[in-house]
Q: 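So that we are looking at the same thing, I have put the structure below in structure tokens.
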Amino acid sequence: MTNHDMIATAVKGLRGRTLETGEIKKLVLAAFPNFTEGSLLPNDHASGNKSCCACAGTQSRIFDRVDRNKYLVR
């Protein structure tokens, strides 16, 4: 399972909710305790960073960035 898959699975039931980065991290780590916390960057699955997921900017992205540290689950 990829990092993208694990994050998507952890927030799947929260579609339409806005979550803070810390909340997203808690959800993912609760579902996948072995997930490397340093690899958990919600913006990489939204509008994208320098080393973003292939989903960033596409219809398959997990989040829409709402504000600093706040993301809408798609």
Q: For the backbone of Gly38 and the side chain of Thr36, can you confirm whether one donor and one acceptor N or O come within less than 3.5 Å of each other?
A: no

Q: Once rounded to the nearest 0.5 Å, what's the spacing between atom OG1 of Thr21 and atom CG of Leu40?
A: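 Nearest 0.5 Å value for the OG1-CG distance: 9.0 Å.
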
Q: Side chains of Lys26 and Glu23, heavy atoms from C-beta outward: is any pair under 4.5 Å?
A: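 When only atoms from C-beta onward are counted, Glu23 and Lys26 do not touch, as no gap falls below 4.5 Å.
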
Q: Closest heavy-atom contact between Ala10 and Leu27?
A: CB-O, 3.9 Å

Q: Going hydrophobic residue to hydrophobic residue with side-chain gaps under 4.5 angstrom, can you get from Val11 over to Phe35?
A: yes

Q: Nearest 0.5 Å please: distance from the SG atom of Cys55 over to the CG atom of Asp44.
A: 8.5 Å

Q: Are any of the side-chain heavy atoms of Phe63 and Leu72 separated by less than 4.5 Å?
A: no

Q: Could you tell me the separation between the CG atom of Asn69 and the CG atom of Leu19, rounded to the nearest 0.5 Å?
A: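 Spacing of CG (Asn69) from CG (Leu19) equals 12.0 Å.
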
Q: Looking at CD1 of Ile24 and CG of Leu14, how far apart are the two atoms once the value is rounded to the nearest 0.5 Å?
A: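 The CG atom of Leu14 is 9.5 Å from CD1 of Ile24, to the nearest 0.5 Å.
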
Q: I'd like to check the side chain to side chain contact (heavy atoms under 4.5 Å, CB included) partners of Thr2; sequence neighbours left out, ordered by chain and number.
A: His4, Asp5

Q: Is there side-chain contact between Phe32 and Ile7, with heavy atoms separated by less than 4.5 Å?
A: no

Q: How would you list all residue pairs meeting salt bridge (charged side-chain N to carboxylate O under 4.0 Å, His left out) that involve residues 54-71, not counting sequence neighbours?
A: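 Applying salt bridge (charged side-chain N to carboxylate O under 4.0 Å, His left out) to every pair that reaches into residues 54-71, excluding sequence neighbours, yields Arg61-Asp64, Asp64-Arg74.
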
Q: Between Thr18 and Tyr71, is there a side-chain heavy-atom distance shorter than 4.5 Å?
A: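 Counting from C-beta outward, Tyr71 and Thr18 never come under 4.5 Å.
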
